[in-house]
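To keep things clear, I will list the structure first and then write my remarks on it.
If you're wondering where the values come from, they're calculated on a predicted model, not measured in any experiment.
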Amino acid sequence: MKKFGIIIAFMLIALTLCFCVYAEDGSMSDWAVQYVERAVAAGFVPAELQSNYTSPITRKEFAKLSVLFIEKELGYTHKEFKEIAKGLGEGISFTDTSDDYVLTASKAGIVNGIGDGLFNPDGKITREEAATMLSRLYILYSSQVSYAENAFEDGADISEWALPGVGFCVKYGIMNGVSETLFDPQGLYTREQSLTTFVRLYGVTEWKSFNENAKIKRKESAYANPDNWISIPEITKEADTFYIYPTAFMDFSPDAPRVCKLDYAPMRESAWGIFQLQATAHESATNVFAPYYRQMNMAVVYQVSPSELANVLAGTPKESIFEALDYYFENYNEGRPFILASHSQGSTLMLYVLSEYMKAHPDYYERMIAAYVLGYSVTKQFLDANPHLKFAEGEDDTGVIISWNTEGEGNKNAYNFVVEKGAISINPLNWKRDETYAGKELNLGAIFYNEETEEVYTVPEAADAKVDVERGVVVTHTDALSPLSADSGFGPESYHEGDYGLWYFNIQQNTEKRVAAYLASHKAE
């Protein structure tokens, strides 16, 4: 097992991470909020369309959304999808635009232009044009398409070429009329209406299934390979845990990558060892799933700016975890309630899971028992920005976030990479958020790894705990573990290494209580 103390050196991005879901400029209809949030969280809405939601969308903007949507949902990069589109058709060489997304959409057969080699990229899209593009996009993936009859009073106003598209959208509930009797085919379509229809399109059952006759098939996930999981357990419990490990990759060599490959052996070796010391705390009550993921090289912290670091983390590492979650929910979860668990770098990614992924998948979020987000700050600001989330208040409430950073008194007022202003912590011994002291006698035991003997050992009554409400951390006194070095970036007395280990058996017991509480309440329902 790699030395744990080396692999948890953390990140300057603590001050720069942003978990905003959409730009709030006061221009969104109340009915559209849930759809816009899900669309943005799903990751296919470009920044330039995350404002002015009630404004009409242009033909070029809608074409770009179409391409980004299908790339995201089928798992392709833009470069990969462009190559696929080349094999679907020649497309049209428009004389009024050279926009890459428009040309890709044309080759894929999603758009045809308005005739005479024109696309009219800045023209406002009409409702019948939007319906037609949506139906063409869907047909690329599914050959099982049916249409509703034209029953609108203004049905004669729908262009003949648009009738199939309108019939498709109405049949599947992707677009509705402007009233029960009118479709308004030439009416303009807004950004918020566009995002709403893409969210509804994803909800069509056939879209999610594999179709042998599709022109474009869903790209096979890397997580279809069992070797890309630390743990795929035998199902023996009524609930699961999905675990994201902390930093297991640090390479200071000149040509070291910013993000490691999924099969990088040193990262895998370290991650497996950390799993044994952390994730196993959840095994007594749940089936623990844990993917390997393409994580950030923590040596990058010393090589690039904080904003670049934030971009790295929010890129491939986040996408890797989201891909693993997709595969887990579609192939392994089978509707069971679940716990989310993470530490350190894994917890920075878990914040994206909570703020973006779960918002985009509310049906999954309803089954979340709790999220143990340890070794990184969950702040009041984060919760205010994500009102669908709530922090734990006690030992057995469910649908909640549990978090803490562990420090000694010597860290008071010291700079710590992972402690942000507004941080919230709960006491892992008495499960209170106030400053009620919990003595060592409440500590059910810690576990650590002895590098000399290469054995895991336990320490009873290893540490006491008290929440420093102002700083938002758990303060402890312990002889079971030495603090990190003063020059580590965590302050002079940080027990970041012990965020799991010091409270291991209390975490185990708490997992059991929260799972039992969830199952009891839902069986009663």
Side-chain angles (χ1 to χ4, degrees), residues 4-19 243-250 274 277-278 295-302 306-307 309-310 312-314 317-318 321 340-355 371-383 391 401-428 463 465 467-476 478 481-503 507:
F4 190 35
I6 294 177
I7 57 179
I8 48 72
F10 208 60
M11 52 191 68
L12 292 167
I13 52 173
L15 300 178
T16 62
L17 283 176
C18 177
F19 297 98
Y243 166 77
I244 309 175
Y245 53 86
T247 299
F249 174 45
M250 184 175 288
I274 299 168
L277 296 174
Q278 294 186 352
Q295 71 170 200
M296 184 169 66
N297 179 3
M298 291 315 301
V300 173
V301 168
Y302 309 100
S307 61
L309 286 172
V312 173
L313 186 72
K318 184 184 80 170
I321 288 296
L340 299 173
S342 59
H343 184 242
S344 202
Q345 183 177 165
S347 287
T348 66
L349 295 170
M350 189 63 79
L351 293 184
Y352 285 117
V353 172
L354 291 166
S355 63
Y372 291 80
V373 187
L374 309 186
Y376 191 73
S377 292
V378 174
T379 65
K380 296 174 184 176
Q381 297 91 321
F382 174 76
L383 294 175
F391 202 92
I401 298 173
I402 296 114
S403 183
W404 59 73
N405 284 290
T406 312
E407 296 184 326
E409 290 181 350
N411 250 34
K412 184 73 172 179
N413 300 321
Y415 176 68
N416 185 337
F417 282 149
V418 294
V419 177
E420 292 189 306
K421 184 178 180 181
I424 306 171
S425 284
I426 193 168
N427 192 315
V467 175
D468 181 334
V469 175
E470 182 180 358
R471 185 168 169 83
V473 301
V474 169
V475 178
T476 189
T478 181
L481 180 69
S482 297
L484 296 177
S485 63
D487 61 355
S488 65
F490 292 87
E493 196 175 353
S494 169
Y495 293 99
H496 186 69
E497 286 182 296
D499 286 325
Y500 253 97
L502 282 171
W503 327 107
I507 295 172

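Using modelled atom types, one side-chain atom of Q345 and one backbone atom of M296 make a donor-acceptor pair closer than 3.5 Å. Here the side chain of Q295 pairs a donor or acceptor atom with the backbone of P246 at under 3.5 angstrom. A donor-acceptor pair under 3.5 Å is absent between the side-chain atoms of S342 and the main chain of I244, judged by distance alone. A donor-acceptor distance shorter than 3.5 angstrom exists from the side chain of N411 to the backbone of F490, with no hydrogens or angles considered.
Contact of the L354 side chain with the L340 side chain is registered, since non-hydrogen atoms from C-beta on lie closer than 4.5 Å. With contacts defined as side-chain heavy-atom distances shorter than 4.5 Å, the pair L383/F391 qualifies. Counting heavy atoms from C-beta on, the side chains of S488 and H496 never come closer than 4.5 Å.
Between S494 atom OG and L484 atom CG the span is 4.5 Å, to the nearest 0.5 Å. Distance check, rounded to the nearest 0.5 Å: OH of Y500 to CG of L374 gives 5.0 Å. For the atom pair OH (Y495) and CG (L502), the distance works out to 8.5 Å, reported to the nearest 0.5 Å. One finds the CG atom of D468 at 12.0 Å from the CG atom of N405 (value rounded to the nearest 0.5 Å). Rounding to the nearest 0.5 angstrom, the gap separating the CD atom in E407 from the CG atom in D499 is 9.5 Å. Note that the CD1 atom of I274 and the OH atom of Y245 stand 8.5 Å from one another [nearest 0.5 Å].
Take V474 and apply the side chain to side chain contact (heavy atoms under 4.5 Å, CB included) test, not counting sequence neighbours, and it matches W404, S425, P428, A465, V467, W503. Not counting sequence neighbours, K421 has no partner by the salt bridge (charged side-chain N to carboxylate O under 4.0 Å, His left out) test.
The environment of CD in Q381 is crowded: more than 12 heavy-atom neighbours from other residues, nucleotides or ligands sit within 6.0 Å. Within 6.0 Å of the NZ atom in K380, the count of heavy atoms belonging to other residues, nucleotides or ligands does not exceed 12.
Taking every heavy atom of both residues into account, R471 and A423 meet most closely at O-CB, 4.0 Å. The two residues S485 and D487 come nearest to each other via the heavy atoms OG-OD1, 2.8 Å. For G410 against E493, the heavy-atom pair with the smallest separation is N-OE1, 2.7 Å. Taking every heavy atom of both residues into account, I401 and F382 meet most closely at CD1-CE2, 4.5 Å.
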Check against side-chain contact (heavy atoms from CB on, under 4.5 Å), Y352 and I321: CA-CA 10 Å; Y352 285 117; I321 288 296; over 6 Å; no
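Under the 30°/60° scheme for interplanar angles, the aromatic rings of Y415 and F417 are found to stand perpendicular.
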